[in-house]
2 protein chains.
Amino acid sequence: MSRSTLVLPERPKLPASGGGPMPFEPACAIFRRYLRGQKLKFTPERAMILDAALRREGLFSADMLVVDLRSAGRVSRATVYRTLTHLHDAGILKQVFFDNRQSYFEVLTHGQHNDYLISVEDGRVIEFRSDKLARLLDEICQEHGFKRAGHQLHLYGTQAE
Amino acid sequence: MSRSTLVLPERPKLPASGGGPMPFEPACAIFRRYLRGQKLKFTPERAMILDAALRREGLFSADMLVVDLRSAGRVSRATVYRTLTHLHDAGILKQVFFDNRQSYFEVLTHGQHNDYLISVEDGRVIEFRSDKLARLLDEICQEHGFKRAGHQLHLYGTQAE
DNA sequence: CTGATTGCAAACACTTTGCAGCAGA
DNA sequence: TCTGCTGCAAAGTGTTTGCAATCAG
């Protein structure tokens, strides 16, 4: 009884961790290239969703995008979800899981804050980035015979008085 | 438009990160003490759920416990969820989020593997622990004026050939 | 005895999906 | 034209909750 190796039911969506193929190339061009490569189409809805995501700073949920898009011409929730998946696969977004309710996204082209410090007191999320950490993670992967493809770190802390 | 500080809708459930109050004290005693302190009751169902969790090695989901418990005398899914919350609050379990579907738990008293290396190829989860990492995380928290209360790290990697 | 607990089923919240009509390339 | 795309509503999935009966302390 009881196994010691868990295998996730779904293939993990790896969070690209910076250094991707898009340091300065505009996200829109990356997206179009990705879509073309997959024989998918660049529609006005997809353009609007990408635009809304790019306007966001920091983390956002699918629902926040839906709300943002209500002002400009209305996109259905289903399309937002479908497009977020494509944006993720194109390496433009990173998907983050803080709890078992909704997931959050972050534009990878924006800044380089890939890690999160969450205040236990009020749920505030502070984004940061540490090169020292990245190096250590590479090291750890190597020790286990892996090559790092991405990571997700949530630090929880209480305000030091 | 667009805020840059996300505030999670629910207060985060902080994942106690080792060094808690229970290096060798039996989990059952910890749980009874916790329950008494909260004026809650130690019922046969709660005992069975704790027992099933302790028998598990590594990560498990709520559903896995429900299945484990079918053999011994049946506990309802609702009670399993309710009890998992208490076990978490008592510091006996850690809750882990790999995706937006279900959450996983891990007994904190068991080993000290608090971090996860996920194989992108097959979804396998390898548990590990790094003291060097813990120290670095403390450092990072300090830099931001926080005191570390826990953390969650998911490393994604591809098998290095 | 009294308030906490249980199982059940219904409710929830977020996400995914089937389908008929629409529209890029 | 020929796929792929969209919106809608329905279905899914893991988790939570209201309630009446039950039980621990």
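Numbers restart at 1 for each chain; the letters A, B, ... are given by sequence-line order, proteins then strands.
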K.L.:
For B/Tyr104 together with B/Phe98, are the ring centres under 6.0 Å from each other?
P.N.:
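B/Phe98 vs B/Tyr104: aromatic centres under 6.0 Å.
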K.L.:
Are the side chains of B/Val96 and B/His154 in touch, meaning some heavy atoms are under 4.5 Å apart?
P.N.:
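Heavy-atom side-chain distance check passes, below 4.5 Å.
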K.L.:
Write down the distance between CE (A/Met48) and C1' (D/dT6), rounded to a whole number of angstrom.
P.N.:
13 Å
K.L.:
In the structure I gave you, are the side-chain heavy atoms of B/Leu65 and B/Phe105 within less than 4.5 Å of one another anywhere?
P.N.:
no
K.L.:
Counting C-beta onward and ignoring hydrogens, is there a side-chain heavy-atom pair between B/Lys94 and B/Asn114 closer than 4.5 Å?
P.N.:
yes
K.L.:
Tell me, please, which residues at least two apart from A/Ala78 pass side-chain contact (heavy atoms from CB on, under 4.5 Å).
P.N.:
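A/Ala78: side-chain contact (heavy atoms from CB on, under 4.5 Å) contacts with A/Ser76, A/Arg82.
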K.L.:
Name all pairs fulfilling the salt bridge (Lys or Arg N to Asp or Glu O under 4.0 Å) condition that reach into residues 134-147 of chain A, sequence neighbours left out, sorted by first residue then second.
P.N.:
A/Asp138-A/Arg148, A/Glu139-B/Lys132
K.L.:
Whole angstroms only, please: what is the CD-C1' distance between B/Gln38 and C/dG3?
P.N.:
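Those two atoms, CD and C1', are 16 Å apart.
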K.L.:
Five pairs per end, C1' atoms only: what is the angle between the end axes of the helix from C/dC1-D/dG25 to C/dA25-D/dT1, to 10 degrees?
P.N.:
40°
K.L.:
Could you state the atom-to-atom distance from NZ of A/Lys39 to C1' of D/dT3 in whole Å?
P.N.:
11 Å
K.L.:
Polar-atom pairs under 3.5 Å, protein N or O versus N or O of nucleotides 19-25 of chain D: list them with distances, or write none.
P.N.:
residue: D/dA24; atom: N3; partner: B/Lys41; partner atom: NZ; Å: 3.2

K.L.:
Starting from P on C/dA13, measure out to CG on A/Asp63 and report it in whole angstrom.
P.N.:
12 Å
K.L.:
Taking the inter-plane angle between the rings of B/His144 and A/Phe128 on a 0 to 90° scale, is it parallel (under 30°), tilted (30 to 60°) or perpendicular (over 60°)?
P.N.:
tilted
K.L.:
When you compare the protein's N or O atoms with those of nucleotides 11-14 of chain D, which come within less than 3.5 Å of each other, and at what distance?
P.N.:
none

K.L.:
Rounded to whole angstroms, how far apart are NE2 on B/His86 and P on C/dA4?
P.N.:
11 Å
K.L.:
Over how many whole Å does the gap from B/Leu84 atom CG to C/dT6 atom P extend?
P.N.:
12 Å
K.L.:
Would you say that B/Thr5 contacts A/Arg124 through its side chain, given a criterion of any heavy-atom pair below 4.5 Å between the two side chains?
P.N.:
yes
K.L.:
Does a nitrogen or oxygen in the side chain of A/Arg77 sit under 4.0 Å from OP1 or OP2 of D/dG7?
P.N.:
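Checking A/Arg77 against D/dG7: no side-chain N or O falls below 4.0 Å of OP1 or OP2.
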K.L.:
Contact class for A/Arg74 (heavy atom, under 4.0 Å): base, sugar-phosphate, or nothing?
P.N.:
sugar-phosphate
K.L.:
Relative to the ring of A/Tyr34, is the ring of A/His86 parallel (under 30°), tilted (30 to 60°) or perpendicular (over 60°)?
P.N.:
tilted
K.L.:
For B/Arg77, enumerate each residue passing the salt bridge (charged side-chain N to carboxylate O under 4.0 Å, His left out) test, keeping only those at least two apart in sequence or located in another chain.
P.N.:
B/Asp63
K.L.:
Step by step, would you call A/His151 with B/Tyr156 a ring pair (Phe, Tyr, Trp, His ring centres under 6.0 Å)?
P.N.:
CA-CA 5 Å; A/His151 76 269; B/Tyr156 294 84; 8.9 Å; no
K.L.:
Among the nucleotides C/dT17, D/dT17, C/dT6, which one has an atom lying closest to any side-chain atom of A/Ala78?
P.N.:
C/dT17
K.L.:
What's the CZ-P distance between B/Arg70 and C/dG7, to the nearest Å?
P.N.:
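Rounding to the nearest Å, CZ of B/Arg70 and P of C/dG7 are 12 Å apart.
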